[in-house]
Undergrad: 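Provided herewith is a single structure, encoded as structure tokens, for subsequent inquiry.
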2 protein chains.
Amino acid sequence: MAAPKDPRPCSIADALALVGEKYSLLVLREVCLGNGRFDQLVRNIGAPRDVLAARLRRLVDGGILTKRVYSERPQRFEYRPTPAGLELEPLLMLLKEWGDRHLRADDDRPMVVEHICGNELVPVVTCAACGDEVRHEDLTAHPQAPGWTLSGPAAA
Amino acid sequence: MAAPKDPRPCSIADALALVGEKYSLLVLREVCLGNGRFDQLVRNIGAPRDVLAARLRRLVDGGILTKRVYSERPQRFEYRPTPAGLELEPLLMLLKEWGDRHLRADDDRPMVVEHICGNELVPVVTCAACGDEVRHEDLTAHPQAPGWTLSGPAAA
DNA sequence: GCCGTGAGTTGGAAATTCAAACCCTCTTCT
DNA sequence: AGAAGAGGGTTTGAATTTCCAACTCACGGC
């Protein structure tokens, strides 16, 4: 199909199509914290029950969450992150840290996360190859597929 | 008001309220690539023009983007990331890498990003204090505000 | 029996999204 | 001069989604 006027092929867009809908990442937050039951999710996230049900279905068959029975008779379920889901947790930590820094007063942090090293977690994105912190100026994008147009070294 | 049945106070939720709407992070992707003009954004993202206009307004007054004039007569504008916006770019890189890994075939990568160190960028989230990669098992959450309930060391 | 809990589903009103068309201000082509 | 873009949106109306409250179904406890 890929007709003219097709948006770019892009893994960021693909990832967002799966986890970028309203509430999806909050579901993941809760599930990573161990709060994987339907009513907990409703309460903690504040999402309408029907929307939440739809998100859970989507996340389960997107391979982010699994639904497991924690009680037969009465049958009760719990959602848990898959390995792929857990791999998104650092991204949540980053979002949290960004939010703490830009959207809140210094003394108003609803949650603090501790790293196993004993310090408060301050997540930083680094380059796996050289270990340096990743910063915008140090990146160069190389499109590999059609559909991409970069504004070359344009105006400063 | 914080009545009963209020969702948690949370920086992740706050951050998502600002950049978590549909298309917002794609706008940031484009703007970080230097494609900051309205029509470029429409084409590259594939968003309806009115929705895009709304997102741009929101991102501008959320302090993520600035709108600047790149030509008087005819008056033309361009959107660019603010420092706060640029700080979200590593997060986009992470999303991209996650998407490449989980949502695509190995040989189908629409874009590759090169780090200044000369290698392909593989972003990793590390702890600023100890430098180790951040993994779920190494984290402990400490709620600081009311509204939080953690399922203690619950069922394995 | 009657109430409560967990995990959803249903129904209808309200808010958003989508797509295409339209508008305005220039600039360029002929 | 007149016609035809380009760029940056706004308008309009229909198609989707969201929201919210109420309802269901299956137990378990009192």
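Protein chains get the first letters and strands the later ones, always in sequence-line order, with residue 1 at the start of each.
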Undergrad: Which of these nucleotides, dA19(C), dG6(C), dC19(D), is closest to any side-chain atom of Pro48(A)?
TA: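 Nearest nucleotide to the side chain: dC19(D).
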Undergrad: Between Val27(B) and Ile45(B), is any pair of side-chain heavy atoms under 4.5 Å apart?
TA: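 Yes. Closest side-chain heavy atoms under 4.5 Å.
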Undergrad: Measuring to OP1 and OP2 of dT17(D), would you say a side-chain N or O of Tyr23(A) lies under 4.0 angstrom away?
TA: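 It does not, given that no N or O in the side chain of Tyr23(A) lies less than 4.0 Å from OP1 or OP2 of dT17(D).
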Undergrad: Start at the 5' end of DNA chain D and walk down; is the nucleotide closest to Glu21(A) or to Ala53(B) reached first?
TA: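 It is Ala53(B) whose nearest nucleotide is closer to the 5' end.
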Undergrad: Can you tell which of dG6(C), dG8(C), dG9(D) lies closest to the side chain of Tyr79(B)?
TA: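 Among the listed nucleotides, the one closest to the side chain of Tyr79(B) is dG9(D).
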Undergrad: Looking at every strand, decide which applies to Arg73(A) at a 4.0 Å heavy-atom threshold: base, sugar-phosphate, or nothing.
TA: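 Here Arg73(A) touches the backbone only, sparing every base.
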Undergrad: Does CG belonging to Asp106(A) count more than 12 external heavy atoms closer than 6.0 Å?
TA: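 Result for CG/Asp106(A): open.
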Undergrad: Does Lys67(A) have a side-chain nitrogen or oxygen under 4.0 Å from the phosphate oxygens OP1 or OP2 of dG6(C)?
TA: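 Checking Lys67(A) against dG6(C): no side-chain N or O falls below 4.0 Å of OP1 or OP2.
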Undergrad: Counting only N and O atoms by type, is there a donor-acceptor contact under 3.5 Å from the side chain of Glu114(A) to the main-chain atoms of Val112(A)?
TA: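 Not confirmed, Glu114(A) side chain does not pair with Val112(A) backbone.
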Undergrad: Take the protein atom OH of Tyr70(A) and the nucleotide atom P of dA26(D), then report the distance between them rounded to whole Å.
TA: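 Between P of dA26(D) and OH of Tyr70(A): 18 Å.
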Undergrad: Contact class for Phe77(B) (heavy atom, under 4.0 Å): base, sugar-phosphate, or nothing?
TA: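 Since only primed, P, OP1 and OP2 atoms lie under 4.0 Å of Phe77(B), the category is sugar-phosphate.
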Undergrad: Please determine, for the side chain of Phe38(A), which listed nucleotide (dA6(D), dC19(D), dG8(C)) has the closest atom?
TA: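 Selected nucleotide: dG8(C).
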Undergrad: Nearest whole angstrom, please: distance from the P of dT9(C) to the CG of Leu52(A).
TA: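 Between P of dT9(C) and CG of Leu52(A): 11 Å.
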Undergrad: Taking the side chain of Arg57(B) as its heavy atoms from C-beta onward, which of dT10(D), dG8(D), dG6(C) lies nearest to it?
TA: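 Comparing dT10(D), dG8(D), dG6(C) against the side chain of Arg57(B), the answer is dT10(D).
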Undergrad: Can you identify which nucleotide, out of dG9(D), dA7(C), dG11(C), has its nearest atom closest to the Arg49(A) side chain?
TA: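 Comparing dG9(D), dA7(C), dG11(C) against the side chain of Arg49(A), the answer is dA7(C).
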Undergrad: Find the distance Asp50(A):CG to dT24(D):C1' and express it as a whole number of Å.
TA: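 The answer, rounded to whole Å, is 15 Å.
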Undergrad: Side chains of Ser24(B) and Arg58(B): donor-acceptor distance under 3.5 Å anywhere?
TA: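 No donor-acceptor contact under 3.5 Å links the two side chains.
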Undergrad: Tell me, with the steps shown, if Asp100(B) and Lys96(B) meet salt bridge (charged side-chain N to carboxylate O under 4.0 Å, His left out).
TA: CA-CA 6 Å; Asp100(B) 281 344; Lys96(B) 167 190 166 314; 2.8 Å; yes
Undergrad: May I ask you to verify whether the side chain of Asp39(B) and the base of dA6(D) hold a donor-acceptor pair under 3.5 Å?
TA: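 A donor-acceptor contact between them is absent.
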Undergrad: When you check the phosphate oxygens OP1 and OP2 of dC18(C), does a side-chain N or O of Lys22(B) lie under 4.0 Å from one of them?
TA: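 Result: yes.
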Undergrad: Between Gln75(A) and Arg55(A), just flag the one whose closest nucleotide in DNA chain D comes earlier from the 5' side.
TA: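 Upstream on the strand: Arg55(A).
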Undergrad: Between atom CG in Leu56(A) and atom P in dA7(C), what is the gap in whole Å?
TA: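 For the pair Leu56(A) CG and dA7(C) P, the rounded distance is 11 Å.
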Undergrad: Please give, in whole Å, the distance from dG6(C) C1' to Glu78(A) CD?
TA: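 The distance from CD of Glu78(A) to C1' of dG6(C) comes to 13 Å, rounded to the nearest Å.
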